[in-house]
Amino acid sequence: MKRIVLLLIFIPFIANGQDLSDLMATSSAQNAELPEVRVNQFVQQLKSKRPGSEIVFLRKVFQQTEKTFLIKYSQYSEFSELFNSGQYDCLTATSLFSVVLDQLSFTYSIIETNYHIFLLVKTSKGEILLETTDRFRGFIRDPSEIRQRIGSYREGIAAGLVDKKVYRYSFDLCREVSTRQLPGLLYYNQAVKAYNEGSLEKCAG
């Protein structure tokens, strides 16, 4: 069977009418606390120690979210794995960040390219790019570096796919997606994973 390596695709529908809160509420949790409870408690802790500076606070949100939830990168991770084992990929991590940023009332955009997904957060000091798979250099303020990063995402460099056989679209995908579309992307990635593993029944489901 021909192996398909795909991270993201244009998905204009909402999977099963679910949003990310639904996914957290229905995720199988090995931990004592359900994902939704853990995230809510985490956000309340951040709010209780919120500094005056918007930039300082956003950096703290980025660092603490990475430290608390994102333990090990694993391509095609399921959303529930993020809470059970700390395994994540760019899509599941971005999905988590969107929940946290929403609860903290940040304004942001989710940008999808052919091989990657990331966040642009709007602040009074300009946009900040959050690269969820780069713990140490993923908080990017400099406009020229942001443009450079987005250019690399378009080429698949950041996702580590340049030297792999991947499906190449006939168009250059770089568009904003809504949080309501993230579940569709999450389900699609799991279908691709199942197909690559030869599990056609699971892929179709």
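Scope of the values below: all heavy atoms of this structure, side chains included, with no hydrogens, waters or symmetry mates.
Between C174 and I111, the closest heavy-atom pair is SG-CG2, 3.9 Å. Contact record, C90 with I117: O-CG2, 3.5 Å, taken as the closest heavy-atom pair. Among all heavy-atom pairs drawn from Y88 and L82, the shortest one is CB-CD1, 4.3 Å. Of all non-hydrogen atoms in I146 and E127, the two that sit nearest each other are CD1-O, 3.5 Å.
Rounded to the nearest 0.5 angstrom, K60 NZ and K67 NZ are separated by 11.0 Å. Atom CG of L46 sits about 7.5 Å away from atom OG1 of T68, to the nearest 0.5 Å. Note that OG1 of T179 is 11.0 Å distant from CG of L101, once rounded to the nearest 0.5 Å. Taken to the nearest 0.5 Å, the CZ atom of F57 stands 13.5 Å off from the OG1 atom of T123. A distance of 10.0 Å separates OG in S77 from CG in L91, rounded to the nearest 0.5 Å. With rounding to the nearest 0.5 angstrom, the CD atom of E176 is 9.5 Å from the CD atom of Q181.
For the 3.5 Å distance criterion, the side chains of S124 and E54 qualify, holding a donor opposite an acceptor. Judged by distance alone, the side chains of K122 and S109 do bring a donor and an acceptor atom under 3.5 Å apart. For the residue pair Q148 / D142, no side-chain donor-acceptor distance below 3.5 Å is found, with atom types taken as modelled.
Using a 30° and 60° split on the angle between ring planes, H116 and F118 fall in the parallel class, below 30°. In this structure, F62 and F139 have tilted ring planes: the angle between them lies in the 30° to 60° band.
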Stepwise side-chain hydrogen bond (donor to acceptor under 3.5 Å, both in side chains) check, N40 with Q103: CA-CA 8 Å; N40 290 342; Q103 292 195 26; 3.0 Å; yes
CA sep, side-chain torsions, deciding dist, call: Q64, K49, side-chain contact (heavy atoms from CB on, under 4.5 Å): CA-CA 12 Å; Q64 290 300 312; K49 300 178 181 179; over 6 Å; no
Trace of the side-chain contact (heavy atoms from CB on, under 4.5 Å) decision for L96 with L70: CA-CA 10 Å; L96 172 65; L70 310 182; 4.3 Å; yes
side-chain contact (heavy atoms from CB on, under 4.5 Å) between T133 and D89, intermediate numbers included: CA-CA 7 Å; T133 61; D89 60 12; 5.9 Å; no
Criterion side-chain contact (heavy atoms from CB on, under 4.5 Å) on L119 and L129, from CA distance to verdict: CA-CA 6 Å; L119 297 126; L129 189 152; over 6 Å; no
Residue pair E131, Y153: steps toward the side-chain hydrogen bond (donor to acceptor under 3.5 Å, both in side chains) verdict: CA-CA 10 Å; E131 165 50 74; Y153 297 154; 2.7 Å; yes
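At a threshold of 4.5 Å between non-hydrogen side-chain atoms, the residues K47 and F42 do not count as touching. A heavy-atom distance below 4.5 Å is found between the side chains of S98 and I110.
Distance alone, capped at 3.5 Å, is enough to place a donor-acceptor pair between the S48 side chain and the Q45 backbone. A donor-acceptor pair is defined here as one N or O able to donate and one able to accept, closer than 3.5 Å; such a pair exists between the side chain of E81 and the backbone of E78. Although no hydrogens or angles enter the test, the distance criterion places no donor-acceptor pair under 3.5 Å between the side chain of R175 and the main chain of T113.
Put simply, L104 and L58 are part of the same group of oily side chains (I, L, V, M, F, W, Y) that touch within less than 4.5 Å, one to the next.
The side chain to side chain contact (heavy atoms under 4.5 Å, CB included) test with Y108 is passed by exactly one of V121, L120, I128: V121.
Of the charged side-chain nitrogens involved, at least one lies within less than 4.0 Å of a carboxylate oxygen, so that R149 and D134 count as a salt-bridged pair.
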